[in-house]
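Working notes, structure below.
Remember, predicted model here, so these are calculated numbers, not experimental data. Counting from 1, the numbers follow the sequence of the chain as shown.
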Amino acid sequence: MHMADALVNPTVAGLMYGCSAIAAGYSIKKIRMENEPKKIPVMGVMGAFVFAAQMINFTIPGTGSSGHLCGGILLSAILGPFAGFITMIGILAIQCLMFADGGILALGCNIWNIAFYGCFIGFLLIWKPIMKNGASKSKIIVASIIGSILTLQIGALSVAIETLGSGISDLPFLTFISVLQPIHLAIGLIEGLITAAVLCFIYEARPELLWSIDKSLNKKIGRISFIKVMIIFSLLTLLIAGGVSLVASEYPDGLEWSIEKITNSTELEVSGEVYNKFEKVQETTSVLPDYNFKDSELAIGTSLSGIFGGVVVAFICVGGCYLFKFFRKDFIS
């Protein structure tokens, strides 16, 4: 659901940057108030894991489209909505700047549509209420599926509203949502199942890693140590980024597929000084465009892109969190 710059005008882009910045500022404030040292390495490891998982586009049967994990519900269920949101921002920023996945002008929209809805709406409206009286596998599965479907539906609708507000006449609003919403319903269902599988594993391995669950109501004892869980997810990240990413679906994702259904092309043409400037900036920053070496389709390039990107995301998340904590006087390192 990563929007390209051609889908938004500068006014809408600026508005969404502002909304995302306000949410990010509040999240940073809340993170600084926390005193959970173990959460910092978890942010790095799980941020890298979600980055790698987002490289795996899965085919939506019978459509010619594909989807990928967004990860907002997954991260907020482990880190809480504030740390989850900041981690998602790190992922989306790295994808945009280093890999040209989503436009720089549209980055504020992508943060709002993917990170905000997943980490706040899905978590606060679905995950937290369902887990109020204690966790169980059945609750985790229900919360993951409903939360993923809901947040992708809202995110898809938000994309259509942003294009409407930007005056993108090639994508009439009612026609756009009639194509965009159903495909993201299917994508949301699959994301929910993936999210549920990961969170059920954590519930069995180390249940105290699930955020906002009342420990007095959860008598379950973890089977695997904290360090081993982090090692497992680190190895999974390397495996997914370096190997599984090579067999990702080549079909266009839900957003591109929807655009193609209406315009017969997965991309819209756009011109203007603002767009040209952002395009040039992205050409400079994207050292591995489309997750490969420039002008190359080598498998090794995809593998190295995934591994390198995961490492950078982990470094940004951990380093950023320590930076936030540095300014809190009573932080214990």
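- The distance from atom CZ of Phe120 to atom NZ of Lys128, rounded to the nearest 0.5 Å, is 11.5 Å.
- Residue Met43 holds its CE atom at 6.5 Å from CG of Leu79, rounded to the nearest 0.5 Å.
- Side-chain contact check for Ile145 versus Leu193: some heavy-atom pair is nearer than 4.5 Å.
- With hydrogens and angles ignored, the 3.5 Å screen pairs a side-chain donor or acceptor of Glu191 with a backbone N or O of Cys70.
- Here the shortest heavy-atom pairing between Ala24 and Phe85 reads N-CE2, 3.5 Å.
- Using a 4.0 Å cut-off between charged side-chain N and carboxylate O, Lys30 and Glu34 make no salt bridge.
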message: Using side chain to side chain contact (heavy atoms under 4.5 Å, CB included), reason through Ile121 and Tyr117 one step at a time and then give a plain yes or no.
response: CA-CA 5 Å; Ile121 303 301; Tyr117 292 133; 3.7 Å; yes
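- Taking 4.5 Å as the limit, every side-chain heavy atom of Leu97 sits out of range of all side-chain heavy atoms of Ser286.
- Here the side chain of Lys139 pairs a donor or acceptor atom with the backbone of Gly134 at under 3.5 angstrom.
- Residue Phe58 qualifies as enclosed at atom CZ: its count of foreign heavy atoms under 6.0 Å is above 12.
- Counting only heavy atoms from C-beta outward, the side chains of Asn292 and Thr302 approach each other to under 4.5 Å.
- When only modelled atom types and interatomic distance are considered, Ser249 and Thr59 share a side-chain donor-acceptor pair under 3.5 Å.
- Closest approach of Ala52 to Ala241, counting heavy atoms only: CB-CB, 3.9 Å.
- Surrounding OH of Tyr26 are at most 12 heavy atoms belonging to other residues, nucleotides or ligands under 6.0 Å away.
- One distance of note links CG of Leu152 with CG of Leu189; it measures 11.0 Å at 0.5 Å rounding.
- When side chains are defined from C-beta on, Leu199 counts as touching Ser144, because their heavy atoms get closer than 4.5 Å.
- When all heavy atoms are compared, the tightest approach of Thr87 to Gly47 is CG2-CA, 3.5 Å.
- Taken from NZ in Lys261 to OG1 in Thr63, the straight-line distance is 8.0 Å, to the nearest 0.5 Å.
- Linking Ile, Leu, Val, Met, Phe, Trp and Tyr whenever their side-chain heavy atoms come within less than 4.5 Å leaves Ile141 and Leu74 in two separate clusters.
- Note: Trp127 and Phe123 have parallel aromatic rings, judged against thresholds of 30 and 60 degrees for the angle between ring planes.
- Closest approach of Ser245 to Met55, counting heavy atoms only: CB-CE, 3.9 Å.
- Ser158 and Glu162 share a donor-acceptor pair across their side chains, judged by distance under 3.5 Å alone.
- The shortest distance between side-chain heavy atoms of Val313 and Ile316 does not fall below 4.5 Å.
- With Ile307 as reference, Leu238 is the one residue of Leu238, Val312, Thr237 to meet the side chain to side chain contact (heavy atoms under 4.5 Å, CB included) rule.
- Taken to the nearest 0.5 Å, the CE atom of Met16 stands 10.0 Å off from the CD1 atom of Ile111.
- A chain of hydrophobic side-chain contacts below 4.5 Å, direct or via other Ile, Leu, Val, Met, Phe, Trp or Tyr residues, connects Val270 to Val274.
- Residues Met1 and Phe173 do not share a hydrophobic cluster, defined by chaining ILVMFWY side chains whose heavy atoms lie under 4.5 Å apart.
- Side chain to side chain, Thr263 and Ser265 fail the donor-acceptor criterion of an N or O pair below 3.5 Å.
- Remark: the backbone N or O of Ala135 is paired with a side-chain donor or acceptor of Tyr203 at under 3.5 angstrom.
- With Ser178 contributing its side chain and Thr175 its backbone, the two residues share a donor-acceptor pair below 3.5 Å.
- With a 6.0 Å radius and a threshold of 12 heavy atoms from other residues, nucleotides or ligands, Leu235 has its CG atom above the threshold.
- Under the 3.5 Å distance criterion, with hydrogens and angles disregarded, no donor-acceptor pair is assigned to the side chains of Tyr251 and Asn57.
- In this structure, CD1 in Ile149 is found 13.0 Å from NE2 in His184, a value given to the nearest 0.5 Å.
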- prompt: Between Ile60 and Ile190, does a side chain to side chain contact (heavy atoms under 4.5 Å, CB included) hold up when you go through it step by step?
  reply: CA-CA 9 Å; Ile60 306 300; Ile190 297 176; 3.7 Å; yes
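- Relative orientation of the His2 and His68 rings is tilted, given thresholds of 30° and 60° on the angle between their planes.
- The backbone N or O of Gly102 lies less than 3.5 Å from a partner atom in the side chain of Gln282, making a donor-acceptor pair.
- A donor-acceptor distance shorter than 3.5 angstrom exists from the side chain of Gln181 to the backbone of Leu157, with no hydrogens or angles considered.
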field: Pair Asp170-Ile262, side chain to side chain contact (heavy atoms under 4.5 Å, CB included): steps then yes or no
entry: CA-CA 8 Å; Asp170 290 339; Ile262 299 171; over 6 Å; no
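- Nearest approach of Gly71 to Val50, heavy atoms of both residues: CA-CG1, 4.1 Å.
- Ring orientation note: the planes of Phe51 and Phe99 are tilted relative to one another, at an angle of 30° to 60°.
- In this structure, the side chain of Trp257 does not engage the main chain of Val179 through any donor-acceptor pair within 3.5 Å.
- Remark: the Asp253 side chain and the Ser66 side chain contain no N/O donor-acceptor pair separated by less than 3.5 Å.
- Proximity of Met88 to Phe116: side-chain heavy atoms (C-beta onward) are nowhere separated by under 4.5 Å.
- Within the cation-pi definition used here (under 6.0 Å to the ring centroid, within 45° of the axis), Lys38 qualifies as a partner of Phe226.
- Within 6.0 Å of NZ in Lys294 there are more than 12 heavy atoms belonging to other residues, nucleotides or ligands.
- Heavy atoms only, all atoms of each residue included: Cys119 and Gly72 are closest at SG-O, 3.7 Å.
- Criterion: ILVMFWY side-chain heavy atoms under 4.5 Å apart, direct or through other members. Under it, Ile240 and Ile232 are part of a common hydrophobic cluster.
- A donor-acceptor pair is defined here as one N or O able to donate and one able to accept, closer than 3.5 Å; no such pair exists between the side chain of Ser166 and the backbone of Ile168.
- Connection of Ile161 to Ile183 is not established within any shared hydrophobic cluster, with ILVMFWY side chains joined at heavy-atom distances below 4.5 Å, either directly or through further cluster members.
- Between Ile22 and Tyr17, every side-chain heavy-atom pair lies at or beyond the 4.5 Å cut-off.
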message: Apply side chain to side chain contact (heavy atoms under 4.5 Å, CB included) to residues Ile91 and Gln95 and explain how you reach the verdict.
response: CA-CA 6 Å; Ile91 294 169; Gln95 289 173 334; 3.7 Å; yes
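- No donor-acceptor distance shorter than 3.5 angstrom exists from the side chain of Arg206 to the backbone of Val229, with no hydrogens or angles considered.
- Phe82 places none of its side-chain heavy atoms less than 4.5 Å from the side chain of Lys29.
- Atom CD of Glu267 sits in a sparse spot, with 12 or fewer heavy atoms from other residues, nucleotides or ligands closer than 6.0 Å.
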